[in-house]
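Structure first, commentary second.
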Amino acid sequence: EGYSDTKPRRPIRGDYLAVYNPVRSSLTTLTPEAWRVLSTVSQGIANIQAVSQETGFLLDYLQQITADLRSKAILLPLDKTPVDEFHKPDELEMYLGITTKCNLCCDGCSVDIDQTVDERIPTQPKTMEVATLQLLLEETVHSASMEKMEKVRLKWAGGEPLLPDSFRLIMQAKEVIGRLREQYPDIQIGQTIVTNGTFLTEEVVAALSRLDVHVSVSLWGLGEINDKVRGASRTQDKYPNILAGIQRLHEASIDHPKNLTYNINHVIRPDTASHFADFVTALWDTENDKFIGRDWRWEKGKQPIHIGIVFL
């Protein structure tokens, strides 16, 4: 609140006004007096004596107000632009949608996919070309270097990035990323693969353990709840296979702790929210019979499994 379609709106006398400041990406509270000064300046009156005459404020009081507005980056000196005041992040995240193909059809997925479960549905392969990916990686890290950033986070996604064609692309990128790490030693390059977990075979997990990567496995519920909302029709796509893949991932992360980490990304919908407590029990309560890792191999005793939460 505080802006009409074209001009700032004056607050009611005596009220404080919260104004969104796009330079700082935050809400700033202004007194009526400060708002009056800001409105005066926005009309093109920039000389402090002229502002004093327009507002009726004494110069000492006016200087206090303008100093406060400057500290909040609402008023800027004439030799600065809003870009100068932006907080520059120290890391860059690149979301790499390397394929639109997926073997599931999750009810609520926000990604435009080509479902490959039903062979009767004609699909057009839409997996990124190697040359395109190489250019993206090079330009991303170069841009981060030019902006003096310390980290680049690559998120491999889709579609399903562990489908054979797209997974080969990820493996081919290993050489490019290695070269970029040598070329830009001051930039930490991290990788996350966002997967539905249906392709976590022994071969795939073994390859992942050589990549220096974090794997985020999406689960929309336990058992049939997950299968129903994700359109899982084949045995490979169903919960038991996903759970077996997560176990392989977990045990590989014990054997290769520097190269492989993982978490479960739990997607909650209105019609599955009532089962959230059961989900937390299955992933956190290590003494419960329903704990999914009860029969897994553990290095230092059973531990709660890391969970990320997404609400649809």
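Starting from 1, each residue takes its place in the sequence as its number.
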*Any chance you could lay out the side-chain hydrogen bond (donor to acceptor under 3.5 Å, both in side chains) test for Asn241 and Thr198, step after step, and finish with the verdict?*
CA-CA 7 Å; Asn241 180 57; Thr198 58; 5.7 Å; no

*Can you list the steps and then say if Asp212 with Arg181 is a salt bridge (charged side-chain N to carboxylate O under 4.0 Å, His left out)?*
CA-CA 12 Å; Asp212 184 17; Arg181 283 172 171 160; 3.3 Å; yes

*Measure from the side-chain N and O atoms of Ser145 to the backbone N and O of Val141, and report whether any donor-acceptor pair falls under 3.5 Å.*
no

*Any donor-acceptor pair under 3.5 Å linking the side chain of Thr40 with the backbone of Arg36?*
yes

*Got a salt bridge between Arg297 and Asp255, using NZ or NE/NH1/NH2 to carboxylate O under 4.0 Å?*
yes

_Stepwise side-chain contact (heavy atoms from CB on, under 4.5 Å) check, Ile268 with Phe276_ = CA-CA 8 Å; Ile268 302 177; Phe276 180 55; 3.5 Å; yes

*Flag yes if Val267 and Ile225 sit in one hydrophobic cluster, no otherwise; membership is Ile, Leu, Val, Met, Phe, Trp, Tyr, and two members link when side-chain heavy atoms are under 4.5 Å apart.*
no

*Does Asn259 reach the main-chain N or O of Ser209 with its side chain, forming a donor-acceptor pair under 3.5 Å?*
yes

*Side chain Trp284, main chain Ile305, donor-acceptor under 3.5 Å*: yes

*Return yes if some donor-acceptor pair links the side-chain N/O of Arg230 with the main-chain N/O of Asp227 below 3.5 Å, else return no.*
no

_When you measure from the side chain of Gln191 to the backbone of Trp156, do you find a donor-acceptor pair of N or O atoms at a distance under 3.5 Å?_
no

*Could I get the full list of side-chain contact (heavy atoms from CB on, under 4.5 Å) partners for Gln53, not counting sequence neighbours?*
none

_Side-chain H-bond candidate by donor/acceptor type, Asn263 with Ser216, under 3.5 Å_ = yes

*Run the salt-bridge test on Glu93 and Lys151 with the 4.0 Å N-O cut-off and return the result as yes or no.*
no

*Charged N to carboxylate O under 4.0 angstrom, Asp107 versus Arg269?*
yes

_Listed partners of His256 passing ring-ring contact (aromatic ring centres under 6.0 Å, His included), at least two apart_ = none

*Does a side-chain heavy-atom distance below 4.5 Å link Leu200 with Ile242?*
no

*Using the rule that two of Ile, Leu, Val, Met, Phe, Trp, Tyr join whenever any of their side-chain heavy atoms come within less than 4.5 Å, decide whether Ile170 and Ile177 are in one cluster.*
yes

*With the threshold set at 4.0 Å, does a side-chain nitrogen-carboxylate oxygen contact exist between Glu91 and Arg153?*
yes

_Aromatic contact between Trp220 and His266, with the criterion being ring centroids under 6.0 Å apart: yes or no?_
no

*asked:* If hydrophobic clusters are built by linking Ile, Leu, Val, Met, Phe, Trp and Tyr wherever their side-chain heavy atoms come under 4.5 Å apart, do Leu59 and Leu69 end up in the same one?
replied: yes

